[in-house]
Every structure is written in C-alpha cells, then in structure tokens.
Novice: 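My structure is below; once you've seen it, I'll send some questions.
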Protein chains: 2
Amino acid sequence: MNKKKKYTIQDIAKELNTTASTVSRALQDNPRISEKMRKSVKELADRLDYHPDFRALSLKKGSGRTIGVMVPHIDRYFFSTVLRGIDEVATEMKYSVLICQSFESAEKEELLIKSLLSGKVDGMLASVAASTKHASHFELFGKRGIPLVFFDRAWMPMNVSKVVIDDYAGAVASVRHLVEAGCRTIAHLAGPQHINVYKNRTSGYLDTLKEYGLQMDESMIFQNTITRETGCKAMSEILAMDNLPDGIFSSGDYSALGAIICARENGIRVPQDIAITGFANEPFGSIIHPSLTSVDQHGAEMGRQAASLLIEEMESNIEYFIPRTIVLKPKLIIRDSSQRKPNH
Amino acid sequence: MNKKKKYTIQDIAKELNTTASTVSRALQDNPRISEKMRKSVKELADRLDYHPDFRALSLKKGSGRTIGVMVPHIDRYFFSTVLRGIDEVATEMKYSVLICQSFESAEKEELLIKSLLSGKVDGMLASVAASTKHASHFELFGKRGIPLVFFDRAWMPMNVSKVVIDDYAGAVASVRHLVEAGCRTIAHLAGPQHINVYKNRTSGYLDTLKEYGLQMDESMIFQNTITRETGCKAMSEILAMDNLPDGIFSSGDYSALGAIICARENGIRVPQDIAITGFANEPFGSIIHPSLTSVDQHGAEMGRQAASLLIEEMESNIEYFIPRTIVLKPKLIIRDSSQRKPNH
DNA sequence: TTTGATAATACAATCGATTGCACAAAAATA
DNA sequence: TATTTTTGTGCAATCGATTGTATTATCAAA
C-alpha cells in the first residue's frame, strides 16, 4: 500500500473491467464511448491523479510538442529576456520549452545537441557559443528533420531561419554618437569575429570612422575583448599609450564596465577624458556611475519572433519551408558615459 | 531521397539482414555478438549517425536520467550560480538537467510540475515561487515516487531533503555589523514571510535588535519589499518620517538598490546618513556607488550539494530514504554602503 | 422471427528500444 | 560418428500510450 506507484491506462482499465483502448478513448471524449463509461473512467482517472506518460505519448505521436533552446548563458540579461519572450509564445501555443546552456563551450554545445536530437525536442532555437568554430552539430537537426531557427548569434552560412538584430546599425549609431559628442580618436573593444554579431559591430565601427574621415588605427582595436576582465586589461593598455583615444566603442557592456572601472582606478574621468559606449543594455548600465550608454537589443521581441517563426515552420506541412531572416532594429540608449558636450 | 528521416535500430537491422535485437546487443558490446557483426553494426550506425531514441529508451528503462530544476527566475545571479553547481554535478554523474522557471507564479509552477510529472524527470530540485501558498503540487512527486529536494526556498513542512543557507545567521551578522558601525535605529525591508528564507532573515533582524537592547518599531519594518521598485518606495516613506533611521537591513539586494538610488535622488548620503546592507550578493553590488554590503549565499555550492543529495536518493535502493537537511553558512561581504566608522 | 443498422467495446498493431528464452549451427568431446 | 557444449541469432514480450479494425450486443424495421 505504501509502495509508490505511477498509474497507467492499464491500471484504470483493469479496475473497471475494460481495456486500455476504451479508457484512452474515454479520456479523449471519443463519441464512440458511452456516457456511463466515460464518466467512470474520468472519475477514476481523476481519483488516481492519472496523467498520460509523456514518453509513451510522444513516442506514439511522433512529437512531444517541445522546443529546445540553446543559449551561451542563461544569466546574461539579454538571453534571459529572449527566453522570456520564447516562453510567452511557446506557452500560448501549448509547447514546452527545454532550456540548455552551453557556457560558451563548443564541446558542451555539441554534447547537448546530440542529447536533444534523440527525440527530446521537436524544434530548436539556438544562439551559438563563442568558442564554436564549425557547425556540423547544428547540421544534424536538418538531417533529422527537426526545424532549427537561430537567434542573435546565428551561424550565417547555414540555410535556416534566423532572427537577428541589425548589429551593424547599432554600431553605426553608437560610433556616430561618439563622434558627435566630440570624439576624434575612437578605440574599439571587439568580440570574437567568427560570430556574426561581433563581426557586424566591428564593421559598423570601421565604416563609421570612414564616413567621418577618421583614421583607422589597428592598435586601437582590441580583439576578443568582451568580458569585464579583458575590458579592464584593454583599458590598461590604452592608458599606457602615447596618444590617448578620447572615445571607446565596446562590443559589449561587460568589457565597457571593465574599462570604466579601470579608468576610474587610474584617475581618468568618463566621459570627460574618454567617452565610452557599450552594447547589450544590461541592467547594470543604468545603475553604475557613470551610467552606461548602450544599445538595446529587444530581447523579448527577438524571443517572440524566433519562437513564432519556429512554430510556424514546425506546424507547416510544406515539404521545404523557405528560411526567413528577421532583422530587428536596435535602439541606442544614451546615458552619461558618452555625454561630453551637453555639460562641458 | 530528400525526405529527412530518423534512423532506427530496425533500419540498421534491415540493411544488414539481421534483427533489432542483434543490433541492440551489438551496440551495447554484448559478448554474445560476433566480432564481425558488431563491427558492421557499429560502422553502419556511425555512418547513419544513429542515436537511440530517448523516449523509447527511457520508456523501456523506466528512467531517462533527467533531473528537473524549478527556479523562480533564471536571471537572478544567485539562482544562476545554483544552476551552474547543479549542472556540474549532474554532468559528471551523466544526468541531464531540465530547467524550468516559475516566474514567481504559483500557477505556472503548478502547471510545469504537472507536465514534468509524466515521466519527463526522474528526480526534482526546486525552489518555490514567491506566490506559492500551498504545496499540494509538490506533494505529487512523493506520490509518484519521484525524489524531490528543495534548495534555498524550501517548503519547510514537507518531509523531504533540503539544502538551505542559514539565513538567520546571515541576518544576525548583517545587523550586528550595522550596530557596530554605529546604527541605533535600524529599519528592515522584509520579504514575503511565508517563504522560509525571508522569515528567517526577519527573525535574525528582530533577535539582534533585542540582543543589543534596541527598540523594535513596527513602522520600521516594510513588508513584502524585495524589488527595486518597492525598495525605492520604502525609502520614500522612510524619508518622510520624523525620526529617520540610521541603518537599513534589507532582505534582498534589489530592494537595497532601490533604497540607495532613492536616497541619492533625495540628497541623503549612504552610508553617512543611512547605512544599508542587502542580501544575496548580486554582482551589481560591487559596481554600484556606494558598493553594497551584502550576504553571499554560496550558490554554486548549494547547487552541488542539492544535486548530490538528489542523485544519492535517486540511486539508493532504500525503500524509504531518510530526508536530510544541509545548512550552509552564509558570508557577510562588507562594502562601502555600511561602513560608517572607518572613514568618519 | 429474421435481417440490418447502429452503438459500444475488445483485439491487435504500432511507436523504438531492451532482454529473457528458444533455437540453430559450429565446435568440442566422447 | 554420435553427443554435448559453445557460440551467435532470432523470436516475442515489454514499457504506456493510440488507433484502425474486428466483434459483440442492442434495437428497429421487415
């Protein structure tokens, strides 16, 4: 009596002297089942707190209405807002969401994907890890017939749907803003260039310098600088330079933060001596001193769009769904770290 | 040829003119299979990129080696560190982790749990939502024979294992520190009292006041104040008081943040006019101005301990696993927001 | 009373794996 | 050569559901 048990459709059938098929149909309100039988089945099912086994059901049906989501980190504000957007749409459409984090590791990403492929998910949303150098594991989804939609950090060569923001435009807006704030020598903290979002931000930076006829200087570009630590290190190197830049465009908020803190520790004023802008609009940007100018990426909206696109593809019966790419417009949020003109 | 297909063990069997059982055994290195057969099966499996169907496998085996984790929010630093700790242990022990967030909603929590119960998880780790007022949905795990371990926000009346921190001790350390910094009237931003962690923090506050013979004043306790907004609101109310407190012990970092910002906006200096301490040691505490004194909860360690405890219970064959409660010691991190003596 | 239609339920195959048991062929022993 | 043992495979049941196709029972019409 004490042994815990999971009740099955067979248990209910046995108890009522009938068969599993009748019970199954009764629970589905199949009209071929008598009112009386339906009632007693439902009552017993309720009493036993019966719920169909997910594995058996999805095995039989060929789908478990589950969407997998792969993000580099769940605790990055941007990704957590994307996840919220995905959750909204998925819940509304009666899908479950299975969240995975790669911790920016390509190996972990590959392992997780292989585990998801064996029937755990029916569709996939992914943003690739920073250390990912090839996408063969993402190709597996196509081979298995599981729709895949990239968001934000997309693997561009792959012919699948993508939801991204216009990082190039965000970078252009940011650098223009710095120039208009009076900056003439603008350094750049760049992200890993094999990831589309970072490459586009760097392109926006370079093109905007050109647009204003400003000289591009290799030594002013710091590669692979997206963490607080590397941002701080870059700032130290900057401070050791002969000709100090008067502006920094960072591809991420964390590296911008590192730079600001390092500047403060070395008696350099932001924005008076150096104006700084970040990217991602992490919440800390509004509470640090000086508050950080950044680019908002509309995470929730991206999540909603990506989930909608994926579900549309999953539910379409079209043999070959034609991949679509949705580009969202980012928004420059101007705060103190870059405002040099107004008060000076 | 173009139709995407998922290969099964039957496909491999047919191709090699053998049966599914042989293929299954070959893939498992069963000694009853000849070297030759094993080799050709493995080769073909490799070529087709075959992986056993997770649903079929876990249905047959009765377990999918999956641990479910329910957290209120994945983007709270504390919870994300717990998740990392859980992931570490789970990965090492060859378990998968299924992350769910309740968004602090009891209904969402209940829905998610019901969906997890039907064979999606073999063990569960949970931290209850703020709005949860009864635990009947958590009781279901017991009825299904699925081990459950609470971490941090535990439902104390339930007789299951728990991993918590000594919130009482953390509060005591925090309030003592304020008193020693010279505070004589200490206000308190309290969390929802039906959640053990917040109740314990409030108890620690009250007892420490008593310990120092300080008067407890109902009007100095602000209930249900754990967000930045409510923290700010509480500070406004404080500033409107006749006798201003000279210290605030907040049950959370976000409300402490709201209070600090509100104080700054109103020309009140922290810590000179009012010393403030928070709880959770969110990363922003070290980058805001003034930096925030807080209590660290050892999230990763908690995650590791909870996962280990759960896995131990899952793998034990003991009929009735005797629940254990692990209590971790929190650590007071002293920063600027509470340091009144040293520099003044 | 016989036939035909209809309603309600049972039987059996299926989804993709695992595994105990039976069985054949080959090898070892008598 | 006859018998036993070993070795390698196939058959069939099982996990927990769903669903097409029997198969009854019931009742109305002829």
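Side chains are part of it too, since the values below use all heavy atoms of this structure and drop only hydrogens, waters and symmetry mates. In what follows, chains carry the letters A, B, and so on, assigned in the order in which the sequence lines appear, proteins first and then strands, with residues in each chain numbered from 1.
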Novice: Which whole-number value in Å describes the distance from A/R38 CZ to C/dA8 C1'?
Specialist: 11 Å
Novice: In whole angstrom, give the distance that lies between atom CD1 of B/I33 and atom P of D/dT7.
Specialist: 13 Å
Novice: If you draw a 6.0 Å radius around CD in B/E88, do more than 12 non-hydrogen atoms from other residues or ligands fall strictly inside?
Specialist: yes
Novice: May I ask you to establish whether A/K120 and B/F54 are in a cation-pi arrangement, using a distance under 6.0 Å from NZ or CZ to the six-membered ring centre and at most 45° from the ring axis?
Specialist: yes
Novice: Ion pair present between A/E35 and A/K39, side-chain N to carboxylate O less than 4.0 angstrom?
Specialist: no
Novice: What closest approach, in Å, do A/R153 and A/S127 show between heavy atoms, and which atom pair accounts for it?
Specialist: N-OG, 3.2 Å
Novice: Do any side-chain nitrogens or oxygens of A/S24 fall under 4.0 Å of OP1 or OP2 in D/dT18?
Specialist: yes
Novice: Kindly give the heavy-atom pair with the smallest separation between A/S96 and B/S115, and that separation in Å.
Specialist: OG-OG, 4.3 Å
Novice: With the side chain counted from C-beta on, respond yes when B/E313 and B/S161 share a heavy-atom pair under 4.5 Å apart, and no when they do not.
Specialist: yes
Novice: Salt bridge or not for A/D29 and A/R38, using N-O below 4.0 Å?
Specialist: yes
Novice: Classify A/Q28 by what it touches in the nucleic acid, base, sugar-phosphate, or nothing, heavy-atom distance under 4.0 Å.
Specialist: sugar-phosphate
Novice: Between protein and nucleotides 10-15 of chain C, map the contacts as a letter string: B base, S sugar-phosphate only, - none, heavy atoms under 4.0 Å, written 5' to 3'.
Specialist: BBB-BB
Novice: Could I get the full list of ring pair (Phe, Tyr, Trp, His ring centres under 6.0 Å) partners for B/Y7, not counting sequence neighbours?
Specialist: none
Novice: For residues 43-52 of chain B, which residues have at least one heavy atom under 4.0 Å from DNA chain C?
Specialist: B/Y50, B/H51, B/P52
Novice: Without decimals, in angstroms, what is the distance between A/K39 NZ and C/dA8 C1'?
Specialist: 18 Å
